[in-house]
Structure formats: structure tokens, C-alpha cells
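I have placed the structure first, in the form of C-alpha cells, so that the comments after it can refer back to it.
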Amino acid sequence: MTEEEKIQQAADYGANNIQVLEGLEAVRKRPAMYIGDVNVRGLHHLVYEVVDNSIDEAMAGFCSKIDIVIHKDNSISVTDNGRGIPTGMHEKEHRSALEVVLTVLHAGGKFDKGSYKVSGGLHGVGVSCVNALSKHLTAEVHREGKVFVQEYAYGKPLYPVKVVGDSDKTGTKITFLPDDGIFIVSVYSYDILSARMRELAYLNKGITISLSDERDTDAEGNHVEPKSEVFHSENGLTDFINYLDENREKLTPEPIAISGERGNVPVEIALEYSTTFSENLHSYVNNINTHEGGTHLAGFRRGLTRTLKAYADKEGMFSKLKFEINGDDFREGLTAVISVKVPEPQFEGQTKTKLGNNEVMGIVDQIVAEHLNNYLEEHPKEAKMIVDKVVLAATARHAARKAREAVQRKGVLSSASLPGKLADCSDRHPENTELYLVEGDSAGGSAKQGRDRTFQAILPLRGKILNVEKAMQHRAFESEAIRNIYTALGVTIGTEEDSKALNLEKLRYHKVIIMTDADVDGSHISTLILTFFYRYMPELIEKGYVYIATPPLYLIKKGSVARYCWTDEERAQIVKELSNDGTDKGLHIQRYKGLGEMNPEQLWSTTMDPKNRTLRQISIENGAEADYIFSMLMGDDVGPRRQFIEENATYANVDA
């Protein structure tokens with residue numbers, strides 16, 4: 001777009017560009033329909049909806065800076081230097097266009113194709129939904145040399161839009177306080193917002209996004225230091241790949257960058273191979289993380305496989321292989337980010353994050369094939385390293401087949417073939433049952449005695465589970481602990497297209513609970529098991545079936561009074577309550593270093609009884625960030641892992 005076209009488009013963007021599709025009636029009554037849920041995800045989705053408006057301005061070429069602030073009262077401000085939301089009178093609504101945007105669902109410039117070519121935001125509900133779910137919202141708009149302001153309470157304007165001063169800049173500032181009467185969780189996570197803002201900066205190169213947290217206490221009331229970060233990427237997706245692969249040993253010196261446009265659909269891709277054994281694909285449509293994939297991901301896979309196979313066949317690199325190469329082999333050790341901009345995306349799938357536009361598959365396929373073929377021809381050394389990696393993957397997969405089939409056979413047989421150490425439950429309805437993965441035989445014994453045999457099954461795991469982040473696939477299937485997990489769950493694995501594909505039809509439990517000691521070894525074992533689930537059974541996490549148990553750290557006794565504590569802060573508070581002078585004099589304090597130190601009744605009442613226990617459900621808020629953290633925690637590079645532990649140790653229940 002030329003500067004003259006930008007100036008003309010900016011001039012043409014006014015009140016009449018705001019089109020109204022429908023009203024805002026049911027948002028407060030049924031908020032989950034509009035933002036997914038009223039828990040952590042929905043709370044943070046409010047921020048994303050506001051930021052998406054600023055990103056739309058950036059994609060249209062009118063915004064270069066976005067500032068997000070978490071204020072002390074947990075309200076959020078999002079400020080951009082875009083054109084500013086139009087404030088003129090809307091001819092159909094007979095009120096300010098700003099008020100229309102903030103009070104009418106599906107009203108905004110993104111529905112007018114003259115204003116935005118493409119726009120982000122998954123549901124398209126916009127800032128009006130944020131307004132409806134906020135106790136208070138203030139909109140401040142700088143445009144046409146003036147500052148316009150309007151405030152709202154629970155989605156309703158407190159007064160008409162008014163001019164409060166002059167301005168020599170343009171842009172919009174939205175400040176809102178979520179309604180804690182609606183949201184189960186009302187405290188924002190800096191880390192969740194940080195991960196998303198980093199992602200957006202990579203997906204929209206050249207934009208500067210800042211995030212600041214002004215709060216000086218955390219959710220438990222502990223003192224914390226305010227913090228801030230600035231995200232900016234000049235190279236976009238190649239910078240993203242370098243970030244994701246920071247802790248992996250690369251096969252090529254630089255990521256392969258692919259870009260092109262066909263049928264009004266711009267495509268950007270960056271990919272890189274490493275010596276690892278997992279496939280890490282992250283796909284986006286209009287900045288939306290399509291974690292269920294879709295036609296753009298299918299097009300990428302098809303183009304990659306077809307092009308690499310044709311090149312290797314032409315060069316005779318597969319001539320000595322005595323078995324077929326399949327699609328999996330071409331993606332082992334691959335990290336890729338696929339980003340497409342689709343004018344009118346059609347989403348499907350369980351969470352509406354799967355792209356359904358059929359035309360996009362062919363577009364991505366063609367662009368990948370053309371650019372990747374050129375790269376392979378121009379870089380024969382790197383091409384050979386990539387193909388050698390594919391051959392290694394195929395050889396390992398062939399070796400893994402027997403191990404995988406052995407797991408599969410055990411998984412589909414009767415309960416007589418279940419692992420010998422499994423203490424199963426009597427209920428056969430998966431939706432009612434739960435499987436505890438317990439560290440060691442001692443803790444397993446206490447858990448077996450203390451459990452409710454009707455719905456709770458116990459599987460003790462001896463020693464540390466295999467670190468699948470650094471192991472070939474056949475090693476995973478040869479591991480006794482991993483085989484036992486597969487067999488106990490009753491799932492089957494592997495198809496011709498995807499050797500790790502999970503079939504959950506015969507899943508025997510809908511809660512899989514990791515229960516380990518509250519010490520360093522226990523934390524390590526828990527992380528190893530989580531890594532296994534993330535790499536080999538992500539479907540269980542996506543469905544919300546994976547949990548971590550939280551056994552107490554302390555038992556404090558004074559006479560006949562016994563109190564359990566889960567944190568050091570809780571211990572200090574209970575000591576204060578039970579003692580006369582605030583010290584632990586006259587108190588008996590027991591530190592639980594292992595689950596086996598608790599008798600069965602204690603383990604049941606504190607950690608396994610659904611009426612009293614606290615389970616932490618595992619979810620993946622950001623796939624790219626999860627990929628980075630698991631590769632960092634479980635990879636070979638000690639430096640980043642040490643830094644992560646040092647920065648997060650105050651939040652973890654680990655021994656010194």
C-alpha cells in the first residue's frame with residue numbers, strides 16, 4: 001500500500017464504516033458462549049479481544065505500537081497508535097460510532113472490507129463483549145485533533161461521548177476491570193499474557209508490543225516486584241523459530257523462510273530441523289493459534305513430504321532403504337510455524353480452532369513446494385543433512401513397530417493383561433474413574449490402602465520415567481513404565497499417517513492424576529511424566545483429563561489439634577494461629593518429604609478424597625510457549641534450565 005493510498009483510506013475510515021450485525025443481549029447471561037469459559041482462559045481472552053483490534057490496525061498498516069498495562073487493581077489498559085475508533089454519528093444507530101462499537105455485538109470496522117482486508121479474533125465478538133463483562137470500562141480516543149472519552153458500567157454508557165481536550169496524535173486506549181461476579185478467576189497471569197504478546201510480535205514483524213505489570217502483590221498477598229517486557233521482531237517467523245529451537249541442536253545454520261501469496265491469501269512459513277525426535281508444528285490463521293490444525297497445516301505437510309521425497313528420489317538418497325518412508329519420517333525433529341491470512345476464514349472443530357477453507361490447502365502446498373525445492377537445490381549440504389535425518393527417522397520407526405504393536409496388543413486385550421502393579425477400580429464407566437500414577441512402591445502401597453476402590457485405580461511407577469524429549473520413539477515404547485501407562489489406560493496408538501496418533505475409544509479413565517513427592521526428585525518425576533503426555537498423548541491434556549495431585553508439605557500438631565499446610569506461607573499463618581507468641585514453641589511440625597511418610601488415612605483425607613483434595617488440571621494455554629518450556633526443561637542445555645529454576649523457584653514447592 002502506498003503512502004497516498006494509506007492517507008486516502010485513513011480519511012475514508014469514518015462512522016459509516018462501522019456496520020451493525022446484531023445486538024449484545026445474552027453476553028452477561030451466557031458469557032461462556034462468547035469467550036469460551038469464565039475461568040482463566042476466558043479472563044485472558046478479554047485482553048486478547050482488545051489487543052486484536054490494535055493488531056488489526058497494525059495489519060492494515062496504521063499502527064506500530066501497542067502497550068498493555070496490568071494495573072494494581074487488576075484492571076487492564078490497552079493503548080495503540082492506530083487511527084482511533086471512529087467517534088462520528090452513526091447514521092443508522094443515531095449515536096456515536098464509538099458507542100456502537102462498545103455496546104453492540106458484531107459491530108466494527110472489520111466487517112467492512114474497505115476498512116480491513118483481514119482481521120484477527122476467533123469469535124469476532126469484539127470489544128463490546130469485553131465491555132459487557134466488565135464492571136467498568138473507559139474508552140479514550142485520539143483522532144481529528146481531539147481527545148474523546150466515554151465510560152461504561154457493566155456494558156452500559158454512563159454518559160454520551162464527550163471531548164475532553166486536544167491531541168496531536170491518533171490512537172485508542174481501552175481500560176477495563178473484569179466483573180469478578182462473573183469470572184471464577186479474576187486475577188491476571190503476567191506469564192500467560194507475556195506468552196501471547198511475544199507470539200503476536202513474532203507473527204506481526206515490525207510491531208512493538210510492551211507489557212507492564214504494576215502490581216506489587218501476588219494472588220496470595222505476597223510482595224512481588226513490578227515487571228515489564230518489550231516484544232519486537234524484525235524477522236518475524238524466523239525469529240520465532242530461533243526462540244522455539246533455542247535449546248535444540250540445529251541441523252541447518254538458519255531457519256528456512258518461505259513466503260508467498262495466492263488467491264488473496266498471504267502465506268508465511270519458517271521451518272528448521274534439529275537432532276531431536278519430536279515434531280513441533282504451530283499453525284496460525286489471522287494470528288489465531290489453530291491448535292486443531294486444518295487445511296493450511298494439511299497443505300504444509302503435503303507440500304513438505306512431496307518436495308522432500310521428490311528431491312531425495314532424484315538424488316538416489318532412498319535407494320538403499322528396504323522399507324517405505326512415510327509422512328511421519330519427514331517431520332521428525334521438525335519445528336515449523338505456519339501463518340496464513342485468510343479474508344473470510346471458516347473455523348470448525350471442537351473449539352473452533354481448525355481451519356476449514358479448502359482452497360487454502362492447495363495454496364500452502366504450492367508455495368511450500370516451490371520455495372522448499374529452490375532451497376534444496378541451492379543448499380545441497382543442508383539438503384543432505386535433512387534427508388539423512390528422514391532416513392534415520394524411518395529406520396527408527398521401523399525398529400519401533402514391534403515395540404508399538406506389543407503395546408497395542410496389550411492395550412486391547414482383557415483386564416487380565418493389565419500391568420501386574422495396577423490396582424484397578426471396580427467401576428467400568430470411564431467418566432466416573434481416575435487413575436493415579438504414583439511415584440514408587442511405598443507411596444503406591446499407601447495409596448492402594450487409602451483409596452476408594454470403587455472409582456480410584458493406582459499404578460505405581462518405579463524410578464524415573466524415560467525422558468522422551470531426548471529419546472527415539474522406539475525407546476519410549478520399549479520403556480516398561482511407558483508401556484504400563486499405555487496398557488493401563490487402554491488406548492491404542494499409531495496409524496499409517498501418524499505413528500503417534502492416539503485412539504481414545506477404549507480409554508478406561510477420564511482423570512489421570514500424577515501424584516509424586518513434594519521434593520526435587522518428585523518434581524522431576526512429575527515433569528518427566530508431563531513431558532511424556534505432552535509429546536505422546538496431547539489429546540488427554542486437550543480434553544482436560546490430566547491432573548497433578550497436591551499433597552501437603554506439613555502437619556502441625558498442638559495437643560489434639562492437627563492442621564495440614566500446603567505452602568510455607570500457610571505454615572507461618574497456622575503457627576501464628578496455634579501459638580501464643582507467634583513461634584513454633586510447643587508445636588510438633590512434621591515435614592512430609594515423601595508420600596510414603598503418610599499413612600493411608602492421611603493420604604486419603606488430604607490428597608485423594610474428592611471432598612477435600614485440590615487437583616491442578618493441566619492445560620495448554622499457549623502451544624508454542626509449552627513447546628519452548630518442555631524443550632528447555634528436558635533438553636541438554638543446562639544454562640536456560642538453571643535460569644528458569646532460579647526465576648521460578650519461589651513459586652515451587654521444592655527442597656533447597
Side-chain angles (χ1 to χ4, degrees), residues 237-238 241 244-245 248-260 262 267-283 293 295-338 361-402 404 470-476 494-501 535:
L237 299 192
T238 55
I241 290 289
L244 293 173
D245 273 1
R248 298 182 176 119
E249 184 183 342
K250 291 92 171 167
L251 288 183
T252 55
E254 293 295 332
I256 302 169
I258 295 172
S259 63
R262 282 184 174 81
V267 176
E268 276 191 90
I269 297 169
L271 62 98
E272 184 170 64
Y273 282 89
S274 69
T275 58
T276 60
F277 308 104
S278 56
E279 169 193 342
N280 307 295
L281 303 185
H282 306 284
S283 62
T295 53
H296 57 323
L297 187 57
F300 168 76
R301 283 175 163 163
R302 191 169 72 182
L304 178 88
T305 300
R306 187 165 53 87
T307 307
L308 279 174
K309 189 174 189 305
Y311 177 84
D313 285 338
K314 184 186 73 160
E315 299 294 326
M317 294 178 172
F318 290 159
S319 58
K320 294 183 180 179
L321 277 178
K322 296 179 180 175
F323 43 83
E324 283 293 312
I325 300 277
N326 76 8
D328 264 5
D329 303 327
F330 290 96
R331 300 190 301 272
E332 185 177 284
L334 173 66
T335 301
V337 179
I338 302 100
M361 183 187 295
I363 291 170
V364 176
D365 182 350
Q366 292 170 25
I367 291 173
V368 168
E370 179 184 322
H371 286 75
L372 184 57
N373 187 62
N374 290 341
Y375 176 87
L376 296 171
E377 295 289 352
E378 293 169 8
H379 300 81
K381 180 183 175 184
E382 286 80 2
K384 184 178 186 308
M385 293 176 74
I386 291 171
V387 174
D388 285 347
K389 172 70 174 172
V390 173
V391 171
L392 181 65
T395 306
R397 176 181 53 83
H398 190 68
R401 178 173 292 176
K402 288 183 179 179
R404 190 174 76 243
K470 299 195 291 183
M472 287 187 173
Q473 190 183 52
H474 71 278
R475 288 277 319 283
T495 65
E496 283 303 310
E497 295 76 30
D498 186 351
S499 64
K500 291 182 186 175
R535 295 301 186 196

How far does [atom1] of [X] sit from [atom2] of [Y], to the nearest 0.5 angstrom?
X	Y	atom1	atom2	answer
His371	Leu271	NE2	CG	12.0 Å
Ile258	Glu268	CD1	CD	11.5 Å
Glu332	Ser274	CD	OG	9.5 Å
Phe300	Ile338	CZ	CD1	4.5 Å
Thr275	Lys250	OG1	NZ	10.0 Å
Leu297	Arg302	CG	CZ	12.5 Å

Practice task
Using only heavy-atom distances, determine whether the side chains of Asp245 and Thr335 contain a donor-acceptor pair under 3.5 Å.
Solution key: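 Judged by distance alone, the side chains do pair up.
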Problem - Arg331 and Asn326 side chains, donor-acceptor separation under 3.5 Å - result: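 No, because no side-chain N or O of Asn326 sits under 3.5 Å from a partner of the opposite role on Arg331.
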[X] versus [Y], closest heavy-atom pair with distance:
X	Y	result
Met317	Tyr311	CE-CE2, 4.1 Å
Pro255	Glu272	N-OE2, 3.5 Å
Ser283	Gly293	OG-CA, 4.2 Å
Ile241	Ala336	CD1-CA, 3.8 Å
Thr238	Ala270	N-CB, 3.9 Å

Exercise for the section: Take Leu376 and Thr307, measure what side chain to side chain contact (heavy atoms under 4.5 Å, CB included) needs, and give me the verdict at the end. Expected result: CA-CA 9 Å; Leu376 296 171; Thr307 307; 4.3 Å; yes
Handout entry: For Tyr375, all residues meeting ring pair (Phe, Tyr, Trp, His ring centres under 6.0 Å), sequence neighbours excluded
Key =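 Scan of Tyr375 (ring pair (Phe, Tyr, Trp, His ring centres under 6.0 Å), adjacent residues dropped) gives His379.
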Can you list everything that forms a side-chain hydrogen bond (donor to acceptor under 3.5 Å, both in side chains) with [X]? Sequence neighbours excluded, please.
X	value
Asp329	Arg397
Glu377	Lys314
Gln366	Arg262

Just list the side-chain donor-acceptor pairs under 3.5 Å for residues 380-393, sequence neighbours left out, or say none.
{"unit_1": "Lys384", "atom_1": "NZ", "unit_2": "Asp388", "atom_2": "OD2", "d": "2.9"}
{"unit_1": "Lys389", "atom_1": "NZ", "unit_2": "Thr276", "atom_2": "O", "d": "2.6"}

Practice task
Could you list the residues that satisfy salt bridge (Lys or Arg N to Asp or Glu O under 4.0 Å) with Arg475, not counting sequence neighbours?
Solution key: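 Salt bridge (Lys or Arg N to Asp or Glu O under 4.0 Å) check on Arg475 returns nothing, list empty.
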